[in-house]
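Okay, here's the structure, questions in a sec.
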Amino acid sequence: MRFVFDLEGTISFHDEKVSDYLTDMLAFLCERGHEPIFVSSKSIRHMLTLLDKQFHNSKMVGGNGAIICYRGNIEQIVAFSTSMFSKLKELIQLFDATYLVESDWDYAYTGGAYHRVVNDVDPYKLAENHHLEDLSTVWKITILSASNRKEIIEKLRKLNVAVHLIDDGEMIEITPLGLSKWNALRTLGIQKRNYIAFGKDEEDVNVFDFAQYTILIGNNPALVAFADEQLIVDDRIEMKIVESCKRLSERFKLT
């Protein structure tokens, strides 16, 4: 059976690397003939920093479905159109915005050395910081500052893009419409009712909807109705995750 794990807040806590205890659990699943698959809202580059190297060739879905990776090969499957990216760059220039722009692997960052996101951009120096004009395929733009935050938000919401305000609008996240972790999993050959899903985010709803069995980590109301099992986050959460995986590894076989 395939075990699909959302990373942040599900098996990686406080944006730290998956613990040795849970890494051993993932290895146990592999030994029993199961296949761990990892999904995230973050870039593949960031996902690799959270996983032990033995899982770097696993199937991965990054950017909430914008990017897939398998055996180290990255493919961007959703990106801003050329015309939309041009409009977004015009707004960045108009409002003198600083930003973090994510491509399939590399990025463009102008937030400076002291912005609070800088340590998360590329801590292991795996990619390159390019000029914005040098990025051709982009799946996420995060506006870090702008000369008129209210006005740029108003203009962004008139475009055919998804706009999310982070920390009460301190940062503005822009992505293409139609991102779907489930669609990305299908691209990787995953079929309905042929996997077990662990997750916690609203973006996991369609992953839960098509799973054989689902485990909700925490108490997200958007996922409660789709969850077969719920694990409350406390000091024993990792132990509870391991217990669930061991039990489910016996109940379900790889198909």
Side-chain angles (χ1 to χ4, degrees), residues 1-30 32 34-43 46-47 50-52 55 58-68 162 164 166 173 175 178-188 190-255:
M1 179 63 76
R2 294 161 181 85
F3 283 68
V4 176
F5 295 96
D6 188 40
L7 275 177
E8 294 88 358
T10 299
I11 59 172
S12 164
F13 300 96
H14 311 297
D15 208 28
E16 295 178 355
K17 189 172 182 178
V18 176
S19 69
D20 290 343
Y21 184 58
L22 291 182
T23 296
D24 288 344
M25 177 270 297
L26 295 172
F28 165 81
L29 290 176
C30 293
R32 298 301 297 266
H34 303 290
E35 180 186 14
I37 298 169
F38 306 100
V39 301
S40 173
S41 63
K42 302 291 185 68
S43 65
H46 186 84
M47 294 174 70
L50 301 179
L51 291 166
D52 189 83
F55 298 106
S58 301
K59 293 174 182 174
M60 300 183 194
V61 172
N64 280 332
I67 310 167
I68 58 175
H164 303 283
I166 302 172
E173 184 179 279
T175 56
L179 291 182
S180 167
K181 291 178 181 177
W182 165 241
N183 286 340
L185 287 170
R186 287 196 302 172
T187 303
L188 286 168
I190 311 305
Q191 299 176 352
K192 293 180 181 180
R193 315 296 175 221
N194 200 24
Y195 63 92
I196 296 166
F198 286 72
K200 66 175 284 290
D201 297 323
E202 286 84 354
E203 292 82 7
D204 295 321
V205 166
N206 55 12
V207 176
F208 269 42
D209 194 22
F210 296 119
Q212 173 71 31
Y213 193 89
T214 57
I215 300 89
L216 169 61
I217 307 299
N219 190 31
N220 190 328
L223 289 178
V224 169
F226 297 91
D228 295 302
E229 184 177 335
Q230 184 176 6
L231 304 180
I232 300 302
V233 177
D234 55 23
D235 292 342
R236 296 185 64 255
I237 184 58
E238 292 196 358
M239 185 179 298
K240 289 188 283 189
I241 291 170
V242 169
E243 290 171 353
S244 288
C245 285
K246 287 184 175 179
R247 172 171 45 80
L248 293 171
S249 73
E250 292 295 328
R251 179 176 171 183
F252 297 97
K253 302 298 182 181
L254 185 66
T255 57

Original post:
From Leu29 CG over to Arg2 CZ, what is the distance, rounded to the nearest 0.5 angstrom?
Top reply: 13.5 Å
Subject >> Worked verdict on Thr175 versus Asn64 for side chain to side chain contact (heavy atoms under 4.5 Å, CB included) >> reply: CA-CA 10 Å; Thr175 56; Asn64 280 332; over 6 Å; no
Subject >> Reported SG-to-CZ distance for the pair Cys245 and Arg32, which is rounded to 0.5 angstrom >> reply: 12.5 Å
Subject >> Shortest non-hydrogen separation from Val39 to Asp6 and the atoms involved >> reply: O-OD1, 3.1 Å
Original post:
Of all residues at least two apart in sequence or in a different chain, which pass the side chain to side chain donor-acceptor pair (under 3.5 Å) check with Asp15?
Top reply: His46
Subject >> Residue pair Met47 / Gly62: nearest heavy atoms and the distance that separates them >> reply: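 Looking at all heavy atoms of both residues, the closest pair is SD-CA, 3.8 Å.
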**OP:** With side chain to side chain contact (heavy atoms under 4.5 Å, CB included) as the test, would you mind laying out the steps for Met25 and Lys246 before giving the verdict?
**Re:** CA-CA 8 Å; Met25 177 270 297; Lys246 287 184 175 179; 5.8 Å; no
**OP:** Can you measure from CG (Leu50) to OG1 (Thr23) and round to the nearest 0.5 angstrom?
**Re:**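 OG1 of Thr23 is found 10.5 Å from CG of Leu50.
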Original post:
Can you name the nearest heavy-atom pair linking Gly218 to Gln230, along with the distance?
Top reply: O-NE2, 2.8 Å
Subject >> Side chain to side chain, Phe28 and His34, heavy atoms closer than 4.5 Å >> reply: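 Not in contact.
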**OP:** Indicate the atoms forming the closest heavy-atom contact of Ala211 with Ala197, along with that distance.
**Re:** CB-CB, 4.0 Å
Original post:
Is Ser180 close to Asn206 at the side-chain level, that is, under 4.5 Å between some pair of heavy atoms?
Top reply: yes
Original post:
Got a salt bridge between Glu8 and Lys200, using NZ or NE/NH1/NH2 to carboxylate O under 4.0 Å?
Top reply: no
Original post:
Salt-bridged, Glu229 to Lys240, with N to O below 4.0 Å?
Top reply: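 No salt bridge links Glu229 with Lys240.
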Original post:
Is the closest side-chain heavy-atom distance between Lys42 and Leu7 below 4.5 Å?
Top reply: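 They are not in contact (no side-chain heavy atoms under 4.5 Å apart), so the answer is no.
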Original post:
Heavy atoms, side chains only, cut-off 4.5 Å: are Met1 and Leu248 in contact?
Top reply: no
**OP:** May I ask you to decide if Tyr21's main-chain N or O and Asp24's side chain share a donor-acceptor pair within less than 3.5 Å?
**Re:**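 Pair absent, no side-chain N/O of Asp24 close to backbone of Tyr21.
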Original post:
Can a donor-acceptor pair be found between the side chains of Thr214 and Asp228 at a distance below 3.5 Å?
Top reply: yes
Original post:
Any idea which heavy atoms bring Phe208 and Ile215 closest together, and the distance?
Top reply: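 Minimum heavy-atom separation between Phe208 and Ile215: CZ-O, 3.4 Å.
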Original post:
Taking only residues two or more places apart in sequence or in another chain, which ones pass salt bridge (charged side-chain N to carboxylate O under 4.0 Å, His left out) with Asp235?
Top reply: none
Subject >> Side-chain heavy-atom pair Lys59, Ile68 within 4.5 angstrom cut-off >> reply: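 A side-chain contact is absent here, since even the closest heavy-atom pair is not under 4.5 Å.
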Original post:
Are any non-hydrogen side-chain atoms of Phe5 and Val18 less than 4.5 angstrom apart?
Top reply: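 Of all side-chain heavy-atom pairs linking Val18 with Phe5, none is under 4.5 Å.
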**OP:** Work out which heavy atom in Ala227 is nearest to a heavy atom in Leu216; give both atom names and the distance.
**Re:** CB-CB, 3.7 Å
**OP:** Would you please name every residue forming a salt bridge (charged side-chain N to carboxylate O under 4.0 Å, His left out) with Glu16, sequence neighbours left out?
**Re:**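 Residues passing salt bridge (charged side-chain N to carboxylate O under 4.0 Å, His left out) with Glu16: none at all.
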Original post:
CD/Glu35 to CZ/Phe3 distance, rounded to the nearest 0.5 angstrom?
Top reply: 11.5 Å
Original post:
Do Tyr195 and Ile37 have side-chain heavy atoms sitting under 4.5 Å apart?
Top reply: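 Answer no - side chains too far apart.
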Original post:
Does Ser19 reach the side chain of Phe13, with side-chain heavy atoms less than 4.5 Å apart?
Top reply: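 Ser19 vs Phe13: side chains apart.
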Subject >> Any donor-acceptor N/O pair, Asn220 side chain to Ala222 backbone, under 3.5 Å >> reply: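 At least one qualifying donor-acceptor pair exists.
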Subject >> Phe38 side, atom CZ; Phe198 side, atom CZ - distance, nearest 0.5 Å >> reply: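 One finds 11.5 Å between CZ of Phe38 and CZ of Phe198.
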Subject >> Spatial distance of atom OH (Tyr213) from atom CD1 (Ile196) [nearest 0.5 Å] >> reply: 8.5 Å
